[in-house]
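Everything on this sheet refers to the single structure shown next.
Atoms considered below: every heavy atom in the structure, side chains included; atoms not considered: hydrogens, waters and symmetry mates. Treat the numbers as computed from the prediction; the structure is a model and nothing was measured.
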Amino acid sequence: YEQTLWANGQQQRDIVISNPGFPDPFLGGIPLAGQPPSIVRAHPDIVMPYTRRVAAGVDRTLTSWARLRTTYSHQIGRNLFRSRDLNAPVNGVRPDPTLRNITQLESTARSQNDALEVNVMLNYRPRRFSANVGYTLGESLNEIDGALSLPPNSFDLSQEWGPSRQDVRHRVFASMNTDVKAGFRLNMNVRAQSAAPYNITTGLDENRDGQTNERPLGVGRNAGRGEATTNVDMGIVWERSIGQRARLDAQRGGGGGGRNSGGNNRAPEGIFRFEIFARASNVLNLVNAQNFSGVVTSPFFGHATSAAAPRRLVL
């Protein structure tokens with residue numbers, strides 16, 4: 001909504017420069033003042049988006065220390081925000097030559113999410129051992145990657161239904177917390193997921209609308225897939241309380257008072273708490289590739305352009 005107020009062609013101007021020079025982008029002789037501005041505005045009949053979610057599950061105790069929970073959920077979104085260019089070129093010519101892009105924010109997009117989650121929870125109190133293992137099979141579809149992002153073809157939005165950026169088919173996670181010898185406590189978290197989607201584009205502005213988001217013929221939105229990722233975090237802690245605070249007596253002067261009588265009676269506690277810990281994120285130092293290039297005309301097409309954080313140790 002803020003952008004619809006700012007980007008009105010006067011307070012804020014968006015300038016698109018085709019084939020910019022370097023280091024001066026205006027080296028090609030494109031005057032700043034001579035370029036028509038782009039504006040953002042909201043459709044007069046815009047409404048608030050909404051979601052509806054239905055879930056059904058089974059929760060069953062397997063043993064005194066094990067529990068199983070299974071949940072299936074179905075969620076739809078309607079009236080989601082998306083934009084299209086009302087001034088998109090027709091045969092290379094803008095209908096309104098005094099403006100560039102007229103990005104109109106509308107509430108016409110949809111989404112759908114389906115997920116099956118299975119969780120096994122363990123709690124073995126004699127060893128102070130607790131663990132949680134889960135698996136999620138999911139699918140996430142929608143028509144937008146951002147409220148103000150423009151489609152390749154503003155005259156035909158029927159081709160925009162496809163995987164969302166969060167459409168990860170398989171997710172696995174596990175966590176564990178337990179006592180070990182000599183007063184040490186160990187915790188571990190494992191997360192793994194299958195590849196996330198990314199968009200495939202030509203890298204060319206074929207319709208001259210200032211957006212390089214055209215997709216190759218027959219390729220749907222977010223049709224590419226990156227790589228699966230795995231991460232393991234671990235930590236070990238040893239702690240000890242030193243000293244003991246004096247116990248406050250609520251029965252001063254012989255007055256009565258129990259734990260819930262409003263007195264100051266409380267259990268003794270340590271004056272100091274001493275802790276030694278070691279924590280490691282991505283303890284296996286796995287390379288988790290991300291930000292895959294989807295531009296088919298780029299030499300980096302299909303390759304990751306960055307990676308998640310490497311191993312990090314904290315003592």
Under the side chain to side chain contact (heavy atoms under 4.5 Å, CB included) rule, collect the residues that match up with [X], sequence neighbours excluded.
X      : value
Asn213 : Pro152, Gln211
Leu157 : Arg82, Arg84, Pro151
Asn199 : Arg165, Thr201, Arg215, Arg221, Asn222
Phe129 : Leu122, Tyr124, Arg127, Ala131, Met176, Thr178

Under 4.5 Å side-chain linkage, directly or through intermediates, the cluster mates of Phe300: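 Noted: Phe300 shares its cluster with no other residue.
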Residue pairs fulfilling ring-ring contact (aromatic ring centres under 6.0 Å, His included) with at least one residue in residues 199-219, sequence neighbours excluded: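 Pairs touching residues 199-219 that pass the test: none.
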Pairwise ring-ring contact (aromatic ring centres under 6.0 Å, His included) hits with a residue in residues 68-98, at least two apart: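 Listed once each, the pairs would be none.
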Partners passing salt bridge (Lys or Arg N to Asp or Glu O under 4.0 Å) against Arg169 (at least two apart in sequence or in another chain):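 With neighbours one apart ignored, the set is Asp167.
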Set of residues satisfying salt bridge (Lys or Arg N to Asp or Glu O under 4.0 Å) with respect to Arg171, sequence neighbours excluded: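 None.
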Within residues 291-310 or reaching into it, pairs that qualify as side chain to side chain donor-acceptor pair (under 3.5 Å) - sequence neighbours excluded: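 Applying side chain to side chain donor-acceptor pair (under 3.5 Å) to every pair that reaches into residues 291-310, excluding sequence neighbours, yields Asn291-Ser306.
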Residue pairs passing the salt bridge (Lys or Arg N to Asp or Glu O under 4.0 Å) test where at least one lies in residues 288-307, sequence neighbours excluded: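 Every candidate salt bridge (Lys or Arg N to Asp or Glu O under 4.0 Å) pair involving residues 288-307 fails, so no pair, neighbours aside, qualifies.
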Arg240 atom CZ, over 12 foreign heavy atoms within 6.0 Å: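 No.
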Got a list of side-chain donor-acceptor pairs under 3.5 Å for residues 179-188, not counting sequence neighbours?
{"from": "Asp179", "atom 1": "OD1", "to": "Arg185", "atom 2": "NH1", "distance (Å)": "2.4"}
{"from": "Asp179", "atom 1": "OD2", "to": "Arg128", "atom 2": "NH1", "distance (Å)": "3.3"}
{"from": "Arg185", "atom 1": "NE", "to": "Asn177", "atom 2": "OD1", "distance (Å)": "2.7"}
{"from": "Arg185", "atom 1": "NH1", "to": "Arg128", "atom 2": "O", "distance (Å)": "3.3"}
{"from": "Arg185", "atom 1": "NH2", "to": "Arg128", "atom 2": "O", "distance (Å)": "3.1"}
{"from": "Arg185", "atom 1": "NH2", "to": "Asn177", "atom 2": "OD1", "distance (Å)": "3.0"}

Salt bridge flag under 4.0 Å for residues Arg67 and Asp59: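 A salt bridge is present here (some side-chain N lies under 4.0 Å from a carboxylate O).
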